[in-house]
Amino acid sequence: MGFFLETLFGGLMAGMLYSLIALGFVLIYKASGVFNFAQGAMVLFAALAMARFAEWIPKWLGFDNLIVANLLAFVAAMALMIVLAWAIERLCLSKLVNQEGITLLMATLGISYFLDGLGQTMFGNDIYSINVGMPKDPAMILENMFEGGLLLSKEDLIAAIIAAALVALLALFFQKTATGRALRAVADDHQAAQSIGIPLNRIWVIVWSVAGFAALVAGIIWGSKLGVQFSLSLVALKALPVVILGGLTSVPGAILGGLIIGVGEKLSEIYLGPFFGGGIEIWFAYVLALAFLLVRPQGLFGEKIIDRV
Amino acid sequence: MKLRPFALAMALATVGAATLSMPAAAQQANEQFFPLLVYRTGAYAPNGTPWANGKQDYVKYINATGGINGVKIAYEECETGYATDKGVECYERLKGKKATLIDPQATGITFALTDKAPVDKIPLITLGYGLAASQDGGVFKWNFPLMGSYWTAADALIQHLGKKEGGLDKLKGKKIALVYHDSPFGKEPIPLLQKRAQMHGFELVLLPVTAPGVEQKATWLQVRQQRPDYTLLWGWGVMNSTALKEAVATGYPREKLFGVWWSGAEPDVKDVGANAKGYSALALNPHGTDSPLVKDILKKVHDAGQGSGPREEVGSVLYMRGLLIQMFAVEAVRTAQAKFGQGKVMTGEQVRWGLENLNIDEKRIGELGLAGLIRPLKTSCTDHMGSTSVRIHSWDGSQWKMQPDWYEADKSVIDPMVKEAADRYAAEKQIKRRDASDCNA
Amino acid sequence: MLYRENGQFKASYAADQQIFPILQDRVAIGALLAIAFIVLPLFGSEYLFRAILIPFLILALAALGLNILVGYCGQISLGTGAFMAVGAYGAYNFLVRIDGMPLIAAMLLGGLSATVIGVLFGIPSLRIKGLYLAVATLAAQFFTDWAFLRISWFTNNSSSGSVSVAGLNVFGLPIESPVSKYMFCLVVVCVFALMAKNLTRSAIGRQWMAIRDMDVAAAVIGIRPMYAKLTAFAVSSFIVGVAGVLWAFIHLGAWEPAAFSIDRSFQLLFMVIIGGLGSIMGAFFGAAFIIVLPILLDQIPQLLGIPLSTATTSHLVHMIFGALIVFFLIVEPHGLAKLWSIGKQKLRLWPFPH
Amino acid sequence: MMMNDIAAAQAAASATGGRRIGDVILDLQNISLRFGGVKALTDISFNVREHEIRSIIGPNGAGKSSMLNVINGVYHPQEGRILFHGQERKKMEPHMAATQGIARTFQNIALFKGMSVLDNIMTGRNLKMKSNLLQMALYWGAVQKEEIAHREKVEEIIDFLEIQSVRKTPVGQLPYGLQKRVELGRALAAEPTMLLLDEPMAGMNVEEKQDMCRFILDVNDQFGTTIVLIEHDMGVVMDISDRVVVLDYGKKIGDGAPDEVRNNEEVIRAYLGTSH
């Protein structure tokens, strides 16, 4: 029982991080109809920028303070992500308006390749660390209830809390602010939004910047956990089933989907894995999402697609 | 207007055709050519880079000190990205330039090249990796897994655990987990561990990690559930540091965690720092900058502005492994020259003979500037490994600390397995085992 | 003035429905085949065969298969590597488990195994579309990656999980030397390319394109979406599976599942995009481009005397590929094949532009 | 001017006597269709007789296109019965309607824009092509013969619609009016017994409309094809239709011969009310 709960917690905490990445997908899809395959590359790019700036800035400016260095690096990395968002809008999206979803998806595949190359050329391809002072050792809780107590990774817990806070923040931003309303208007109907004076281009820059922000935070959390290097871009592949399960257009879907996938894959790996020889979590998440799609093609909270002719 | 990209494409195609059809860039007639297959990009770049730099630095060092009896070494790097098909492309490209020896630097590429090498007559040096069965020179005429294979590594680890417990028989009833990279590299040790488990009565728990290994939460939850007495780590690249971090996060004692020699370098622990304290791994090669060889390289290569990588990297574990691989390559050429002609460029076949007749004794080790740091190595027609000596080093939170004891793989365990696997391979490939006359040739 | 279709009148529908209705094109393709079948085997270097031509032919075949699915039928797939793997491991098992299994039979059976799996993972396409389907094909990718690593039956209980083949022959002729390997691939690719072309210009090809361009309208004129999509999946994965067999048997010789990883799937998708969606010739253009470009980028700086580090080159290749993908999608969504036909159009008018 | 021409064409058509309105072949009974909470069609009943030209009119959003989509199986009504040739239709997919001989065109052109005119019309014949996959891959003998036989049929349609000069052009490059014509050609290629036309003349100039009217009447006349037509141009509708159904807000408000409908008060109110 204790172990089951540990697995459950582990899954929930991993799921929260998937939600964070999935949120980046959903935001961009809602606002620009682009299924952004480059989200993973953005995570890597942002994390590389963060890690390297935190290393370089103290050297350039000649001081030695971890907190200041991290703050400055965060600002610099965020600025870079905004520039990136602008460049993507200017050079790519604005030229692909009204193209089909598949074309846009393939364009983001191109962007993702480009970013992988650019990030490593600019920042190097070694393994770098992000030190934001996350506690690494685990905590034991409820020791009087379970034999040996329940193991809880403090780092995962904090990461999950940050992710949850950010997800809540973004959801609020989307629902309550004027920009958020404009974003939703764009999501509903590009042309209508344009006709009432919402500047599409600016909205896209904003939404890609916000996705860049989500990527940066995800990059910092994952980077602090795993170290920053090439494989970080693969975490996006784990978020894909989340988006599919939750529905491409739904913020709550991304959150709930993340938790379901997180818990589902951990439980499956531990309780079903041994019967299959292990290593099943990656495809299990996909097959779970796929099976779900067959029942509900638009995902958990997605809007039903009606073909109009 | 629309024609312009087309014209551009045509121009590119013309240049391309010219480049591709051109004969391989001619190199000096009196140079020994070593292709250097490396990976400095992708998921395994942090580990591949120091390795590649070590290989290159040693070549530069030999050239700076007058070559091999006056024969300079030409080299060319080719990026494989750890991908088998890229590796094959590199091999095909560089072999055309009269390649005489190749270190594929990846298990998958080694498997693909093992079939091609005998045809092209290019020996493969796979120091500490590759196919365990290729130790058997009777079947694998062109493969040289010098210093050890995954079987000797696993054997040494089990011996070490036995020693800690006070005897191999004390392993009875114990539980040993293997957390491994889900690839041929990670799977190779399993047959040996299963055999040892049978011999000593310990329980073996297999926990695969999907490559590249950034997601291990479930694996380490299983470790926590199973509570193995020891856990062996068979990882590469980012999998290692992630494993250590997850071990920390799930509170698995690092003192009970033992890595293979591909899981015991600086990039694996650097990022975990003090939290990895107590973790041990096999040390196939020495590290540090104290040896005369490394000091000399720093002086003659790095101080001359010729260093392949940053100076701080020199002496790191994987850098030293690259250095050692290239050193054996050079020694093979030297050995071959002794037989086929001093100061001549050796062919692939001659280098192969050199590899098969290596005899690096204590005296030679001293001359190479590594006195006391490596064990003698002597290869033969039947034994392409030469030595199975290995030590253990432990991470003290900031650096690797070498432990004094040397381990040798137990021949009585390994040899029958090698023979059986080699015979199976020979049967599959319809290869005839070499006879004595072939050995003396 | 040389390239003219003026005066080449078609007196019958049969003549009008030829693959290359223009005489000059027929001459050109004949010459190309003559070079491929006669000149290259005589004069090509081993490097040219092994490092360029053989992988080019095989990947062009795989891209061709993928193009049927993506370019002709409009069903995006990110799991091509998986279907190649199924082909390779399927053929391997037929070869090692059945005594005296001829290579060509094993190859076709491998293709059929890929067809079965392809259709299986194509079934969701009946219910889900576009982006969602892309994720379904990723499920195929990850599942097969896992299955061939984990289920030792597929690898004939190889302890390391790596398998290899040796002593291949066709009708007693050994497929060992680079030239024989090249010729074998060339024949297979030519046969399949011709068959693929035939399919795309007959009724089923029109059904695929109809589904691609507007599936509701296609259904309304009597095209069964299920039949059209599943045949596209079947034909596509059969061809891709055969390419997988060639890749494993002929090109690599020894392989592990990583040879068919998701990177391979993306690589093939890029070939299709750059080469030209919905074009048989595009698959060849795309494959040539993607194989040759990195090699050129490796070599040209060296020739110019500005050696780039291997890492820089590799990153550069990534960036150039990425930029080209976006470029092609924006400027010429039909890829190199379209540029080629524009070039021909210009040539037709040359030297008088109007 | 134009009306006269059409009337003349109609007169000429009836003069040849090729057309004889027959029995009811399609009977729609109490059809209701909802999308989520939105009612698109409410309790609609009407029928179509063999060989007639049956028009559906109504203001925008009246449910006309939805009605066609119900007839050929794109939408599935929640309530009601559909009888085709006297048999009740069960679960229906669009391609089954095609096999029963129902073809249609679309309000917003639904051509296959990546294909040439010829290929577009050839797809219309797909139900009549019998070769299997392997034969097609080999493209020998029978397949080639079949292709050529169908090509001949398609060329007849191309001649009929007077689009010979663009047969190899990708449809996306054609002007709007020609695209509409190609779409009609694609529907005709299936040799349907019933043809559903969704605003075939929308956005056309007078001459194009005349041409299109002529084609519709010729089809009806020469092949005896039953036609269900949605059209906004009242003049055209009243001139060429045998009977007219009027929809408004998803409900039927009128049904009958053109003259009856023209004088139906509810219809007049609906049209005046929505300023058409």
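Values reported hereafter were calculated over all heavy atoms of this structure, with side chains retained and with hydrogens, waters and symmetry mates removed. In what follows, chains are A, B, ... by sequence order, proteins preceding strands, each numbered from 1.
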**Request:** Give the intermediate values and the outcome of side-chain contact (heavy atoms from CB on, under 4.5 Å) for residues C:Gln141 and A:Leu237.
**Result:** CA-CA 12 Å; C:Gln141 177 74 51; A:Leu237 287 178; over 6 Å; no
**Prompt:** Can you find a heavy atom in the side chain of C:Trp146 that is under 4.5 Å from one in the side chain of A:Ile280?
**Reply:** yes
**Asked** Rounded to the nearest 0.5 Å, how far does CG of C:Leu78 lie from CE of A:Met106?
**Response** 9.5 Å
**Complete:** Interface check, chain C: of A:Phe284, A:Tyr113, A:Phe276, A:Tyr29, most non-hydrogen pairs under 4.5 Å belong to A:Tyr113
**Message:** Please classify the contact between A:Leu109 and chain C as side chain, backbone, both or neither, with a heavy-atom cut-off of under 4.5 Å.
**Reply:** both
**Message:** For A:Leu105, which atoms come within 4.5 Å of any heavy atom of chain C: side chain, backbone, both, or neither?
**Reply:** side chain
**Heavy-atom proximity to chain A below 4.5 Å, by part of C:Leu324** = neither
**Request:** Applying side-chain contact (heavy atoms from CB on, under 4.5 Å), run through A:Asp116 and C:Met319 and close with a yes or a no.
**Result:** CA-CA 8 Å; A:Asp116 279 349; C:Met319 287 168 69; over 6 Å; no
**Fill in**
Answer key: most heavy-atom pairs under 4.5 Å with chain C among A:Leu118, A:Leu240, A:Thr103 is A:Leu118
**Prompt:** Considering only heavy atoms, which portion of A:Val34 lies under 4.5 Å from any heavy atom of chain C: side chain, backbone, both, or neither?
**Reply:** neither
**Aromatic ring pairing C:Phe266/A:Phe37, orientation class (parallel under 30°, perpendicular over 60°, tilted between)** = perpendicular
**Prompt:** Taking everything shown except A:Trp86 itself, do over 12 heavy atoms lie less than 6.0 Å from its CH2?
**Reply:** no
**Message:** Minimum heavy-atom separation for A:Leu290 and C:Ala136, please, with both atom names.
**Reply:** CD1-CB, 3.2 Å
**Over all atoms of both residues, closest heavy-atom pair of A:Leu91 and C:Ile330** = O-CD1, 3.5 Å
**Message:** Can you tell me which portion of C:Leu329 sits under 4.5 Å from chain A's heavy atoms? Options are side chain, backbone, both or neither.
**Reply:** both
**Message:** Looking only at the aromatic ring of each residue, does the gap between the centers of C:Phe142 and A:Trp283 stay below 6.0 angstrom?
**Reply:** no
**Message:** Taking side chain as everything from C-beta outward and backbone as N, CA, C, O, which of these in C:Leu149 sits under 4.5 Å from a heavy atom of chain A? Side chain, backbone, both or neither.
**Reply:** neither
**Asked** When you look at A:Asn125 and C:His315, which way does the side-chain contact (heavy atoms from CB on, under 4.5 Å) test go after all the steps?
**Response** CA-CA 10 Å; A:Asn125 50 12; C:His315 294 150; 3.5 Å; yes
**Fill in**
With chain A, the option among C:Thr312, C:Ile273, C:Ile123 that has the most non-hydrogen atom pairs under 4.5 Å is C:Ile273
**Request:** Using non-hydrogen atoms and a 4.5 Å limit, figure out which bit of C:Leu126 sits close to chain A: side chain, backbone, both or neither.
**Result:** neither
**Request:** Counting only heavy atoms closer than 4.5 Å, note whether C:Leu269 contacts chain A via side chain, backbone, both or neither.
**Result:** side chain
